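Heads up: the structure comes next, in structure tokens.
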Amino acid sequence: MGGLRVTPDGSSPRDSDVIGYSVVQADDMEAAVALVADHPHIAWGQGCEIEVYQAMRLPL
């Protein structure tokens with residue numbers, strides 16, 4: 001499944017290779033986007049973005 005690119009202007013569909021990652025827990029994609037919407041990395045300016053992808057739920 002493709003991810004969402006999050007920028008200061010909002011989010012949009014994205015399908016690219018992942019360079020680095022962090023794992024966050026959220027109820028859905030909208031909640032995950034909200035978690036990173038004001039991340040300092042995004043505020044660095046033009047070309048800075050965070051991509052959000054949904055992962056398969058792991059059994060406990």
Side-chain angles (χ1 to χ4, degrees):
M1 175 180 190
L4 293 176
R5 179 178 66 171
V6 181
T7 67
D9 298 323
S11 62
S12 60
R14 184 71 171 194
D15 187 23
S16 67
D17 295 331
V18 175
I19 297 171
Y21 67 92
S22 294
V23 177
V24 298
Q25 183 175 341
D27 291 333
D28 53 29
M29 185 65 90
E30 183 177 310
V33 168
L35 286 173
V36 301
D38 58 354
H39 190 282
H41 180 80
I42 294 174
W44 289 348
Q46 185 77 359
C48 293
E49 59 190 39
I50 296 174
E51 295 182 21
V52 179
Y53 291 84
Q54 185 174 354
M56 181 177 71
R57 186 186 254 325
L58 298 174
L60 299 176

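These figures come from a predicted structure and were not determined experimentally. Atoms considered below: every heavy atom in the structure, side chains included; atoms not considered: hydrogens, waters and symmetry mates.
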side-chain contact (heavy atoms from CB on, under 4.5 Å) partners for [X], two or more places apart:
{"X": "Ala34", "answer": "none"}
{"X": "Asp9", "answer": "Thr7"}
{"X": "Ala55", "answer": "none"}

message: Minimum heavy-atom separation for Gln25 and Leu35, please, with both atom names.
response: O-CD1, 3.8 Å

task: Determine the minimum heavy-atom distance between Ala37 and Val6, stating which atoms define it.
output: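 For Ala37 and Val6, the tightest heavy-atom pair comes out as CA-CG1, 4.1 Å.
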
Within 6.0 Å of CG in Asp28, more than 12 heavy atoms from elsewhere: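 Above 12, so yes.
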
query: Quick one: CE on Met29 to OG on Ser11, what's the gap to the nearest 0.5 Å?
result: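 Here the interatomic distance stands at 9.0 Å.
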
